[in-house]
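Take a look at the structure set out below.
Reckoned from all heavy atoms, side chains included, excluding hydrogens, waters and symmetry mates.
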Amino acid sequence: MKAYLTYFKLKFITGLQYRAAALAGISTQFFFGFVYIMVYFAFYKSGSGTLPMDMSSLTSYIWLNQAFYALITHFYKDNEIYNMIKTGNISYELIRPKNIFYMWYFKILGQRYSNVLLRSIPIIVVTILLPEPYNLSLPISFNAFILSIISLIIGSLLIIALSTLYPIITLLTMNEKGVVNIFVVIADLLSGIIVPIPFFPPILRKISIFLPFQYISDLPFRIYVGNINIHDGLIGLGIQFIWLFIIILIGYKLMNYNLKRVVVQGG
Amino acid sequence: MKYYFKALALNLKSELEYRTSFIFSFISQIIIFFSYYFVILSLFTKFSNIKGFTLYEVLLCFSIVQFGYSFNEVFARGLDKFDNLIIQGGFDRLLLRPKNIIIQVLYNESDFVKTSRLFHALIILVVAITHLNIKWNIIKIICLLLMMLSAIIIFFSIFLLAASYCFITVQGLEVRNVFTDGGKHMAQYPIGIFSKGFIYFFTFIIPYAFVNYYPLLYILGKSNKTIYAFSPLLLFIYLIPCLIIFYLGVKRYGSVGS
């Protein structure tokens with residue numbers, strides 16, 4: 001365990017060095033946040049019918065998505081791992097007396113946690129201070145706040161399990177762009193980052209119930225704004241745990257399956 | 001110009017060498033593009049209009065802007081990746097050749113996978129037009145063509161400005177994504193739906209409004225002012241200072257060594 005934590009620490013500290021990149025990320029996130037919010041404002045003003053979320057919770061939902069974007073998006077590529085696969089340096093990884101799945105898991109964990117730490121805090125602080133309709137509001141209650149934090153942590157473990165799965169699939173297909181890219185886009189769509197899940201067309205909403213993606217960020221953020229109550233939130237938390245277990249199991253098994261038939265071509 | 005097309009053909013040939021990779025990327029681009037208008041589609045299942053614009057009106061605007069952007073991604077990729085050219089010293093090599101420097105930069109790289117988006121945008125354009133009840137006349141057709149042309153020019157100008165910036169900073173700044181990617185994202189909605197400050201900025205500083213708003217109003221019959229139909233022509237004027245800035249940058253360019 002200690003070895004894996006060292007991987008985490010190493011990546012975490014390295015990630016903290018990239019402050020200029022974080023600044024650029026923050027400005028993009030702000031811009032996108034404002035555009036999304038204004039689009040929804042325009043819809044709401046001309047709107048009719050029953051709305052699944054009121055405007056102030058929707059605004060908070062959008063800002064939380066933007067603040068934690070670096071953590072929750074599937075569009076994340078650990079170039080180091082992909083390069084290892086391409087160049088054959090993976091053989092060095094294989095001679096280490098540790099489990100390669102957990103090694104990769106903790107590397108990605110460190111990287112993504114440091115990325116999000118640099119980006120989320122400034123965004124959250126500024127958006128809380130923004131004037132009325134544009135601001136990130138405070139959590140609906142103290143209990144909801146605690147529950148949403150716990151659920152976000154499990155959600156982040158879930159997305160990292162998925163992010164570890166992608167290079168493992170690449171080991172199988174030897175093509176990082178193909179299947180994985182298609183998978184990533186669909187996963188991002190279904191996790192509610194682009195459109196909040198309550199706004200999905202009914203069919204898609206039904207499909208997404210049976211998939212793990214809405215348990216990454218949608219659940220914690222909707223608990224935060226009060227769109228999901230504490231009782232349902234606790235049930236969601238249970239489902240999150242189950243998915244986390246399933247994805248890690250799949251990743252672990254697939255990795256072992258791959259390692260039996262991996263061929264390193266010289267190098 | 002002959003060299004430009006020849007170089008593009010060569011680029012295409014080299015990309016097609018990796019056939020499976022090309023096909024898979026092409027398919028994944030279709031899905032990525034779908035995720036762009038998925039927002040619009042799913043929000044219109046809950047709402048009937050956005051400040052008076054209906055689904056197909058927004059899709060018309062969306063497809064024109066996406067068309068302009070993807071056109072640049074395919075045919076002016078080198079400009080987008082200009083920082084690489086400077087950092088690796090490849091720009092010095094281009095300067096030695098007795099041909100137009102901008103055209104050389106354009107064909108330095110290309111990304112034909114993005115033709116997927118180009119076709120996709122055109123399909124949506126056609127779908128939107130067939131669903132809209134537009135009384136076509138000659139001015140409206142000219143207006144539509146001008147919109148498509150100006151969409152190409154505005155992104156070209158912005159890419160050019162971002163590239164000129166590389167002369168000063170050497171490194172490409174990620175912040176420019178706000179104006180290219182972010183700008184594209186915003187311009188896929190008619191600009192009138194945004195708040196005042198936004199509209200002013202994107203009318204006078206980066207004139208998206210003349211690409212996707214005023215001419216759109218004319219085509220949809222929301223306004224009768226014929227001048228709106230020809231407002232995309234302003235983009236040609238906008239292009240001039242961008243070109244001048246780029247050439248000024250080339251003039252004071254002193255290589256980065258290597």
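Of the two parts of Pro52(A), only the side chain, counted from C-beta on, holds a non-hydrogen atom closer than 4.5 Å to a non-hydrogen atom of chain B. Residue contact with chain B, scored on non-hydrogen atoms closer than 4.5 Å, is absent for Phe183(A). Neither the backbone nor the side chain of Val184(A) has a heavy atom closer than 4.5 Å to any heavy atom of chain B. In this structure, the portion of Phe32(A) lying under 4.5 Å from any heavy atom of chain B is its side chain and not its backbone. In this structure, the portion of Leu204(A) lying under 4.5 Å from any heavy atom of chain B is its side chain and not its backbone.
Using a 4.5 Å heavy-atom threshold, the side chains of Phe47(B) and Leu51(A) count as touching.
Other residues, nucleotides and ligands contribute only 12 or fewer heavy atoms inside 6.0 Å of the CZ atom of Phe119(B). Within a 6.0 Å radius of CD1 in Ile209(A), other residues, nucleotides and ligands contribute more than 12 heavy atoms. Tyr257(A) OH: 12 or fewer foreign heavy atoms inside a 6.0 Å radius. Annotation: Lys225(B), atom NZ; neighbour count of heavy atoms from other residues, nucleotides and ligands within 6.0 Å does not exceed 12. Within 6.0 Å of CZ in Phe34(B) there are more than 12 heavy atoms belonging to other residues, nucleotides or ligands.
Minimum interatomic distance between Lys46(B) and Pro198(A) (heavy atoms only, all atoms of both residues): CE-O, 3.5 Å. Residues Val195(A) and Val39(B) share a closest heavy-atom pair of CG2-CA, 3.6 Å. The two residues Phe43(A) and Asn49(B) make their nearest non-hydrogen contact at CD2-O, 3.8 Å.
Checked against the 6.0 Å centroid criterion, the rings of Phe38(B) and Phe200(A) qualify as a close aromatic pair.
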Audit row: Phe31(A), Phe179(B), ring pair (Phe, Tyr, Trp, His ring centres under 6.0 Å) steps and yes/no: CA-CA 9 Å; Phe31(A) 185 85; Phe179(B) 297 107; 7.3 Å; no
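Chosen from Leu43(B), Ile30(B), Ile27(B), the residue pairing most often with chain A at heavy-atom distances under 4.5 Å is Leu43(B).
The salt bridge (Lys or Arg N to Asp or Glu O under 4.0 Å) check on Glu73(B) picks up Lys114(B), Arg117(B), with sequence neighbours excluded. Partners of Ser35(B) according to the side chain to side chain contact (heavy atoms under 4.5 Å, CB included) rule, which considers only residues two or more places apart in sequence or in another chain, are Val185(A), Leu189(A), Ile194(A).
Looking only at distances, no side-chain donor or acceptor of Ser28(B) sits under 3.5 Å from a matching main-chain atom of Ile182(A).
Using the six-membered ring where Trp is involved, His185(B) and Tyr36(A) have ring planes that are perpendicular, over 60° apart on the 30 and 60° scheme.
Inspection of non-hydrogen atoms places no residue of residues 112-122 of chain A under 4.5 Å from chain B. Of residues 193-210 of chain B, those residues with a non-hydrogen atom less than 4.5 Å from any non-hydrogen atom of chain A are, in numerical order, Ile193(B), Phe194(B), Ser195(B), Phe198(B), Phe202(B).
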